[in-house]
K.L.:
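Please see the structure below; I have some questions.
All chains are named by letter (A, B, ...) in the order of the sequence lines, taking the proteins before the strands, and each is independently numbered beginning at 1.
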Amino acid sequence: MSDPVITVKDIVTQFGDNRVHDGVSLHINKGEIYGLLGGSGSGKSTLLKEMILLLQPQAGDITILGHSVINSTESERDLLRQRWGILFQNGALYSSLTVAENIAISLKEYTDIPMTLINDIVRMKIDMVGLPAHVKDFYPAELSGGMVKRASLARALARDPKLLFLDEPTSGLDPIGAESFDQLILELRAMLDLTVVMVTHDLDSILNTVDRLAVLARKKVAAEGTLTEVCQNPEPDIKAFFGGKRGQARLHQKNLE
Amino acid sequence: MPLPEHTAEIQAYQDTGYDIALKSKGCWTVNSIQNVVESLAGFCQKYKNSTILWDVSAIEEIDSAGMMVFITYYDHLLTNKCSVTLKGITEKHQRLDTLVRQHSVSALEKNTLPFKNYLLSPFHSLGKWVVGLVTELILFMTFFGESSLIFFKSLMHPSRIRYAAIVKNIEQAGIQALPIVALTSFLIGIVITYQGAVQLEKFGANIFIVEMISISVTRELAPLITAIVVAGRTGSSYTAQLGVMKITEEIDAMKTMGFNPHHFLVIPRILALIITLPLLVFFADIIGIFAGMLISEIHLQLSFSEFLHRLQNVLDMKHVWIGIIKAPVFAVLIAMVSCFRGFQVEKNSDSIGRYTTISVVNAIFLVIACDAIFSVILTELGI
Ligand SMILES: Nc1ncnc2c1ncn2[C@@H]1O[C@H](COP(=O)(O)OP(=O)(O)O)[C@@H](O)[C@H]1O
Ligand SMILES: [Mg+2]
């Protein structure tokens, strides 16, 4: 588990006068679930957007699956886009398409697979993310929050990506829904050999699923490593993040187990 | 990591002890799998009751789509009573196989697909269409009934009518519509005067242009054209406004707070149009006749004073009244249909567009149909 799938090196990002990242570096290994943590506005989503080619950093470079994000040709970028799946914070399902059509769309557009096979694949993915089969004909508006996340995850998994990006996958879910979603991510990782990068605030999620994590604070990576390593870091920002009442209670619980 | 540019392959060769041997190669992944589907289907057609050796050891990469294809045709061969021996299965294949089988629908379930027959399917869709139409009609009737009920109730208690909303709607539907109504009725006036003038000139009956213009404009054209413009302009905006409120759950919020959406949203719009449309029609009458007067002057050398003098003698007030009386009826139709369609909007991005289009088409159709009924009835009555 030591060859990095994603290497972020000295990223600088600035919106107008607002510098969001000032030399952010981290690396994500193959097969791990990697957590991006940090307070609100610390630039987690921005970093994620830079990884998935939605934003260009002002300086530094990100290498994903051996391709540099900065110096890549458009065809390389297309290739990369085929090899990851993304779960957006609010699902971002296409509201005019049914769940099945949402999942099938990239298969239809980018491959020549016959329709019957696409339908089979779609049904399989729906089952994989734990949705009942009949939701395939539902429109996104007819789904509950948890179902939207699952459907959107099924869409992200449509083409068997090796890399999965999740932006706050459990935010807006009730604790039970969030826990079962965490469980799902763990199962899928084991089944599909995924590497998962997730932005999250959810302490339970961090404790249950994340293998390694980075905490963003003051425009930099305040700490990176496994949860135990990060918790031992004496930096005040880290203390602030895990030191609150909720954090302490959870960590304590975890240690008892 | 190899890039998914590789292709999937399957080849048949002879091997002792088996009727046929298959060798799979390459990347059996979602990007390349379509290469083998056809040949696999071919094999499944060809081999029944055979012994088959299937060598999968040369598969470099396989994902769930590839495994799905493999499983589909492997099972197909088994149902063909072939005995298939697999060679070179890795532990990873095994895991993926279990995974895909666990999550895919069994063949039995697939066979319960909805009934489809190409001979009967036109009837099927016709039936569906008719049922859909009848349902819509019933829904519209219900809506019409509910709105009318609340309409009459609010007439009983005039203090509860939402006057502010009505005034706002009158401004949007009436005053802001003046330029476009003026332009269209002016152009219509020009068109019919030109057409009429050419014919009348042949008979030297220039002066009859006045009857022609004034009666056709006031009785038929002005109400119809104005109603069509209003249906396109105001009808579509009513549908879109209510549709957005439906999507943002404002309408649900109103209901839970005990505000009847008919009372708050529909009635003011209907009343506003009932007040506005007759006024717009009268305005269009004047502009249309004025355009006729202008063209008569230019083309038929009929002076303004001659035109006006004749107009006073020949234009019965009844024609003007008929045109104006139609207007509130059209107004009710337009407002009802567009509000009805607005309430039908669903929670997805293209349904506003769809229902707005339907609403305008429906409203224009209803206006024209209603106008035809008016014509028949009034002519039969000899008015
Ligand atoms: N498109 C943008 N334009 C300007 N500023 C932005 C933009 N996107 C994000 N920012 C700023 O970048 C900072 C980090 O935002 P974000 O990455 O969304 O934080 P979070 O860690 O909460 O996901 C915020 O201060 C935000 O105002
Ligand atoms: Mg964010």
Side-chain angles (χ1 to χ4, degrees), chain A residues 3 5 30 64-67 75-76 78-80 82-83 93-98 102 106-108 110-131 133 136 138-143 154 157-163 187-188 190-195, chain B residues 1-5 7-8 27-38 40-41 61-73 75-76 92 95-107 109-114 246-249 345-354:
Chain A
D3 62 302
V5 176
K30 187 164 188 292
I64 299 186
L65 300 167
H67 297 270
S75 64
E76 270 181 312
D78 273 342
L79 216 59
L80 276 176
Q82 292 184 20
R83 307 188 62 196
L93 290 172
Y94 302 120
S95 67
S96 57
L97 304 179
T98 63
N102 261 289
S106 64
L107 296 171
K108 266 193 223 160
Y110 292 108
T111 67
D112 303 322
I113 303 179
M115 243 354 257
T116 50
L117 183 59
I118 291 186
N119 288 337
D120 288 349
I121 294 176
V122 165
R123 281 188 237 200
M124 173 174 72
K125 304 286 161 163
I126 287 179
D127 196 72
M128 248 183 209
V129 296
L131 284 174
K136 76 179 171 46
F138 285 15
Y139 283 92
E142 299 166 318
L143 303 177
L157 292 173
R159 286 197 294 167
D160 278 40
K162 288 286 160 241
L163 197 52
E187 278 169 26
L188 288 173
M191 288 194 304
L192 305 172
D193 297 326
L194 289 169
T195 306
Chain B
M1 264 190 221
L3 295 174
E5 294 303 296
T7 54
C27 287
W28 280 46
T29 57
V30 64
N31 290 308
S32 47
I33 196 68
Q34 77 276 5
N35 296 334
V36 293
V37 170
E38 213 168 296
L40 277 170
E61 225 188 309
I62 185 163
D63 65 4
S64 62
M67 187 50 86
M68 190 126 209
V69 171
F70 172 81
I71 289 175
T72 310
Y73 291 102
D75 288 357
H76 198 152
K92 193 183 165 212
R95 258 178 47 215
L96 199 56
D97 180 87
T98 334
L99 174 72
V100 172
R101 278 185 190 279
Q102 193 186 340
H103 289 291
S104 47
V105 249
S106 65
E109 228 176 293
K110 270 189 222 165
N111 286 338
T112 57
L113 284 173
K246 182 100 187 279
I247 287 187
T248 56
E249 295 184 320
V345 167
E346 293 145 19
K347 258 187 145 188
N348 58 58
S349 58
D350 56 22
S351 87
I352 286 203
R354 197 169 73 243

K.L.:
For A:Leu97, is it the side chain, the backbone, both or neither that has a heavy atom under 4.5 Å from a heavy atom of chain B?
P.N.:
neither

K.L.:
Specify the closest pair of heavy atoms between B:Val30 and A:Thr111, including all atoms of both residues, with the distance to one decimal.
P.N.:
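Looks like O-CG2, 3.4 Å.
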
K.L.:
Nearest 0.5 angstrom please: A:Met124 CE to B:Met67 CE, how far?
P.N.:
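It is 10.0 Å, given to the nearest 0.5 Å.
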
K.L.:
So with a 6.0 Å cut-off around CZ of A:Phe138, is the heavy-atom count from everything else above 12?
P.N.:
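Enclosed.
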
K.L.:
Where does A:Asp193 contact chain B at under 4.5 Å (heavy atoms): side chain, backbone, both or neither?
P.N.:
side chain

K.L.:
Here's a test for you: under side-chain contact (heavy atoms from CB on, under 4.5 Å), which of B:Val69, B:Val37, B:Ile33 qualifies with A:Pro114?
P.N.:
B:Val37

K.L.:
Atom CD1 of A:Ile118 and atom CE of B:Met68: how far apart are they, to the nearest 0.5 Å?
P.N.:
12.0 Å

K.L.:
Under 4.5 Å, counting heavy-atom pairs only, tell me which of A:Ile126, A:Leu107, A:Ile121, A:Leu157 racks up the most with chain B.
P.N.:
A:Ile121

K.L.:
Of all the heavy-atom pairs spanning A:Lys125 and B:Ser64, show the shortest one and how long it is.
P.N.:
NZ-OG, 2.9 Å

K.L.:
What part of A:Leu117 gets closer than 4.5 Å to chain B, counting heavy atoms only: side chain, backbone, both or neither?
P.N.:
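Looking at A:Leu117, just its side chain touches chain B.
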
K.L.:
What part of B:Gln102 gets within 4.5 angstrom of chain A, counting heavy atoms only: side chain, backbone, both, or neither?
P.N.:
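The answer is the backbone of B:Gln102.
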
K.L.:
Once rounded to the nearest 0.5 Å, what's the spacing between atom CD1 of B:Ile71 and atom CG of A:Asp120?
P.N.:
10.5 Å

K.L.:
Provide the closest heavy-atom pair for A:Arg159 versus B:Asp63 in the form atom of the first, atom of the second, distance.
P.N.:
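Nearest pair, atom of A:Arg159 first, then B:Asp63: O-OD2, 4.4 Å.
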
